Structure formats: C-alpha cells, structure tokens
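Contents: one structure, followed by commentary.
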Amino acid sequence: YVRQLLFYGALVDECLHAEPVMLALLSLREGVVQVAPTSEGMAVVAAEARSWRSQFNERVPGAQPANASEENCQWCHYAAKCDAFWQGIEPQWTKSVGEAVRGTVEAEPELAASGVTSLQVMVEEGPLAGSKAILAGIPSELVAGVVLGSQVSVLDLRARSEDPLVLTWTNKSSALSRVAIG
C-alpha cells in the first residue's frame, strides 16, 4: 500500500498542485493504512511509473493488432473503421452486428423529410461483397457529407428484401460508431 499511496500523493501534487499532508486508505483486511507523504518518496514512485510506461511504450509502439471475433466486435466502437473487422467478419455474425457492408456509394444519397437517408452501395467487403445494396433508414446525421463515390462502412443493418437487396438500419440510437465514412 505504501507505493500505491505515494503514487496517489505524487498525482495530487502534480495534477492539483497541492502537496498532500496525509495519505491513507481503508483496507478491509488491515483497517486504515496511513503513509507519511514525503517529497522524496513520491518522486521515486513517480519516476518508477514513468520509467515503466516508457518501457511498455518501447515494447509496443504503434497500433496494436486487433483480434476480430463476433464476441469482441459486437461491442467495439471502432468496428466500422477496423480493417481487421472487415477481413474477419463471418456471415453468422449478423446475430450480433447485423448485416455489415463496406463499399462505394453509386448514386446520390436520398434524404427523406423524416431525417433518414438511403444509399445505393456496391458492397466490396463483408459477407455480402460483390452485391449491390440499398441501405435504407440511416439517420441522416450519421451520413452527412456522403456523396456519389464516397466509401461507407455500416453495421446494424437488417435485410428487408433480396431483389433488390435492401438493408434497413436497425440501431435505435444514432450510433456514430456503427457508421464510418471514407
């Protein structure tokens, strides 16, 4: 607990510009644990933490590899933008991520007065790759700026018809994370 409390003290000193006068925590096993906050002790612990952070960052520079799976991707806020998602998606994932398409808009978007937009897309990635699809009912604010030729990635779609292939937006909230442009 000593190292933990000294680290918290260093954070208080650094972030709030207030040198702590007492450091304490309540341990369910040991009761109240108190540590005298010394400038030297807090400085040593803060220097150790920075060193560990630097060592970690040197071992893992840059983006970390994604582990695309239905279990992981159904909750991920970056799935629509993630190349690993699009390379790994399987048809059976529709239960958790809905129909998912990534492709090129082939016609000018159709905006409805009700605040939704329909897009005609040539699907290039995902289980429906090679298909032409109409993506209907997408909240217009999520696809603002989409024009003919734009690249879009959309999850949370449900098949409404097969000929023509019409996929309807099913997410009840305006989940920006389930749509990506560009």
Side-chain angles (χ1 to χ4, degrees), residues 8 11-12 14-17 49-50 52-182:
Y8 291 161
L11 291 174
V12 167
E14 208 171 287
C15 298
L16 301 177
H17 306 290
R50 286 188 184 90
W52 294 333
R53 180 184 61 197
S54 293
Q55 290 172 24
F56 175 83
N57 288 338
E58 287 172 13
R59 286 192 306 270
V60 289
Q64 298 305 299
N67 184 11
S69 70
E70 182 178 15
E71 185 176 306
N72 292 342
C73 296
Q74 68 180 322
W75 307 112
C76 182
H77 292 292
Y78 302 99
K81 298 176 184 178
C82 178
D83 290 332
F85 170 81
W86 292 106
Q87 292 164 4
I89 187 171
E90 299 287 339
Q92 65 268 20
W93 293 13
T94 57
K95 200 168 31 174
S96 60
V97 300
E99 295 289 354
V101 299
R102 180 184 255 185
T104 303
V105 176
E106 292 195 318
E108 288 298 326
E110 294 181 25
L111 285 71
S114 62
V116 297
T117 297
S118 292
L119 305 172
Q120 292 182 35
V121 175
M122 179 62 192
V123 182
E124 295 152 358
E125 293 186 70
L128 299 171
S131 304
K132 290 188 179 203
I134 297 170
L135 312 184
I138 302 171
S140 296
E141 67 267 16
L142 298 183
V143 290
V146 168
V147 296
L148 177 67
S150 292
Q151 296 290 309
V152 296
S153 303
V154 184
L155 286 62
D156 295 325
L157 298 165
R158 173 181 56 80
R160 187 167 73 193
S161 69
E162 291 183 19
D163 192 21
L165 179 59
V166 177
L167 304 171
T168 305
W169 177 257
T170 60
N171 195 317
K172 300 300 181 221
S173 67
S174 294
L176 184 59
S177 63
R178 306 305 266 185
V179 175
I181 300 168

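All heavy atoms count here, side chains included; hydrogens, waters and symmetry mates do not. Numbering of residues begins at 1 and proceeds along the displayed sequence. Please read these numbers as outputs of a predicted model, since none were measured by experiment.
Atom-to-atom distance recorded for S118:OG and I138:CD1 is 7.5 Å, nearest 0.5 angstrom. A distance of 9.0 Å separates CD of E108 from OG of S150, quoted to the nearest 0.5 Å. Going from atom OH of Y78 over to atom SG of C73 covers 14.0 Å, rounded to the nearest 0.5 Å. Going from atom OG1 of T168 over to atom CG of D156 covers 12.5 Å, rounded to the nearest 0.5 Å. With values rounded to the nearest 0.5 angstrom, T170 atom OG1 is found 6.5 Å from L157 atom CG. Interatomic distance, CG of L155 versus CH2 of W169, reported as 8.0 Å (0.5 Å rounding).
Scanning all heavy atoms of the two residues, the minimum distance from V152 to V105 falls at CG1-CG2, 3.9 Å. Here the closest non-hydrogen pair linking H17 and E14 is CE1-O, 3.5 Å. For the pair V143 and V179, the tightest heavy-atom approach, listed with the atom from each and the gap, is CG1-CG1, 4.1 Å.
Heavy-atom contacts from other residues, nucleotides or ligands closer than 6.0 Å to CD of E162 number 12 or fewer. Shown here is W75, whose CH2 atom has no more than 12 heavy atoms of other residues, nucleotides or ligands within 6.0 Å.
For the side chain to side chain donor-acceptor pair (under 3.5 Å) with S153, the lone residue among R102, K81, E125 that qualifies is R102.
Here the side chains of L167 and L165 are in contact, with some heavy-atom distance below 4.5 Å.
Here T104 pairs with E124, Q151 under the side-chain hydrogen bond (donor to acceptor under 3.5 Å, both in side chains) rule; sequence neighbours left out.
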Without placing hydrogens or testing angles, list every side-chain donor-acceptor pair under 3.5 Å for residues 88-100, not counting sequence neighbours.
from: T94; atom 1: OG1; to: P91; atom 2: O; distance (Å): 3.4
from: S96; atom 1: OG; to: E70; atom 2: OE2; distance (Å): 2.9
from: S96; atom 1: OG; to: W93; atom 2: O; distance (Å): 3.3

